[in-house]
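These values consider heavy atoms only, across backbone and side chains, with no hydrogens, waters or symmetry-generated copies.
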Amino acid sequence: MFDRRQILTGFAALLLAAAPLRADEQVFYAPGGAALDGYDVVEYFRSGEARRGSSAHVVMWKGVEWHFTSAANREAFEANPRAYAPQFGGYCAYAVANGYTAATDPHAWHIVDGKLYLTHSARADALWRQDMAGNIARAVTHWPDVLFK
């Protein structure tokens, strides 16, 4: 037989699971459990290159593992994760601008106004670059609702 505490705990869990996603919450594309397939988000800003991180330098943030190439990059991320985390949860910025989600290629990326954006492929990247400001503005209107389509 269930006691009152078990029932209340179960009810609370149901309410939390059914709670709508708020716009300020982040949901990250994490194939295999690692954000950006294990690429170091800080490296995009520091070296201007896409570099795979190491399992020796990992942080759990927002329920996802973030891998880094060095302890210094891990510490920079820990100090201010929102400064490095990709926009639109790391999903393809071009896809989100057009109302859907798509996986990303860690090598198809841009930093615009201090924010990291990734795209699905070289072709999607070329389309996104034709109107980056417009695509960003459209993506903002779709995010995070596009996660539920």
Side-chain angles (χ1 to χ4, degrees), residues 10-149:
F11 183 69
L14 282 172
L15 286 176
L16 288 173
L21 183 68
R22 295 185 341 242
D24 64 337
E25 292 182 67
Q26 292 291 328
V27 176
F28 291 97
Y29 173 68
L36 273 65
D37 202 24
Y39 279 75
D40 181 340
V41 291
V42 176
E43 277 298 314
Y44 291 104
F45 294 89
R46 290 198 168 165
S47 71
E49 295 181 23
R51 291 185 179 159
R52 189 177 295 276
S54 164
S55 60
H57 306 290
V58 175
V59 169
M60 279 298 279
W61 184 65
K62 298 291 185 179
V64 177
E65 283 186 5
W66 299 79
H67 293 217
F68 302 94
T69 58
S70 67
N73 281 8
R74 183 192 70 229
E75 290 165 6
F77 182 84
E78 286 178 306
N80 190 0
R82 293 187 194 286
Y84 298 103
Q87 301 302 294
F88 313 120
Y91 289 92
C92 175
Y94 182 73
V96 175
N98 287 286
Y100 62 97
T101 60
T104 52
D105 176 352
H107 297 280
W109 61 278
H110 295 275
I111 294 175
V112 179
D113 295 329
K115 296 179 180 181
L116 176 61
Y117 297 89
L118 293 117
T119 57
H120 175 72
S121 62
R123 176 157 165 57
D125 191 65
L127 293 168
W128 188 76
R129 281 183 290 139
Q130 289 177 6
D131 182 16
M132 284 194 281
N135 283 317
I136 291 168
R138 282 190 302 282
V140 166
T141 67
H142 292 296
W143 186 257
D145 297 334
V146 54
L147 293 171
F148 306 103
K149 290 184 176 187

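Ring pair Trp61/Phe77 is perpendicular by interplanar angle, where above 60° counts as perpendicular and below 30° as parallel.
Legend: salt bridge (charged side-chain N to carboxylate O under 4.0 Å, His left out) pairs involving residues 117-132, not counting sequence neighbours, sorted by first then second residue: Asp125-Arg129, Asp131-Arg138. Sorted pairs that involve residues 85-94 and meet salt bridge (charged side-chain N to carboxylate O under 4.0 Å, His left out), not counting sequence neighbours, are lacking altogether. Residue pairs meeting the salt bridge (charged side-chain N to carboxylate O under 4.0 Å, His left out) criterion with at least one member in residues 111-122, sequence neighbours excluded, do not occur. Within the structure, salt bridge (charged side-chain N to carboxylate O under 4.0 Å, His left out) contacts touching residues 83-100 (residues at least two apart or in different chains) do not occur.
Residue Gln87 holds its CD atom at 11.0 Å from CD1 of Ile111, rounded to the nearest 0.5 Å. Annotation: the span from Asn73 atom CG to Ser47 atom OG amounts to 8.0 Å, rounded to 0.5 Å. To the nearest 0.5 Å, atoms NE2 (His107) and OG1 (Thr119) are separated by 12.0 Å.
The salt bridge (charged side-chain N to carboxylate O under 4.0 Å, His left out) search around Arg51 returns Glu43, Glu49, not counting sequence neighbours. Under the rule for a side-chain contact (heavy atoms from CB on, under 4.5 Å), Ala122 has no partner lying at least two apart in sequence or in another chain. Considering only residues two or more places apart in sequence or on other chains, Arg46 meets the salt bridge (charged side-chain N to carboxylate O under 4.0 Å, His left out) condition with none of them. With sequence neighbours left out, the side-chain contact (heavy atoms from CB on, under 4.5 Å) criterion links Asn80 to Arg82, Ala83. The side-chain contact (heavy atoms from CB on, under 4.5 Å) search around Val112 returns His110, Tyr117, Trp128, Met132, Ile136, not counting sequence neighbours.
Inter-residue side-chain proximity for Met60 and Glu65 is flagged as met; some heavy-atom pair is nearer than 4.5 Å. Counting only heavy atoms from C-beta outward, the side chains of His120 and Thr104 never approach each other to under 4.5 Å. Between Leu36 and Tyr44 there is a side-chain heavy-atom pair separated by less than 4.5 Å. A heavy-atom distance below 4.5 Å is not found between the side chains of Trp66 and Arg74.
Nearest approach of Pro86 to Val41, heavy atoms of both residues: CD-CG1, 4.1 Å. Of all the heavy atoms in Gly114 and Phe45, the pair that sits closest is O-CE2, 3.6 Å. Scanning all heavy atoms of the two residues, the minimum distance from Tyr29 to Pro31 falls at CE2-CD, 3.4 Å. Shown here for Gly89 and Trp143, the closest heavy-atom pair between the two residues is N-CZ2, 3.7 Å. Ala50 approaches Pro106 most closely through the heavy-atom pair CB-O, 3.3 Å. In terms of heavy atoms, Trp109 sits closest to Gly48 at CZ2-O, 3.2 Å.
Side-chain atoms of Arg52 come within 3.5 Å of backbone N or O of Asp37 as a donor-acceptor pair. Side-chain N or O atoms of Tyr84 include none that pairs as donor or acceptor with a backbone N or O of Asp40 at under 3.5 Å.
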Check: residues 90-102 side-chain donor-acceptor pairs under 3.5 Å, at least two apart:
{"residue": "Asn98", "atom": "ND2", "partner": "Tyr94", "partner atom": "O", "Å": "2.9"}

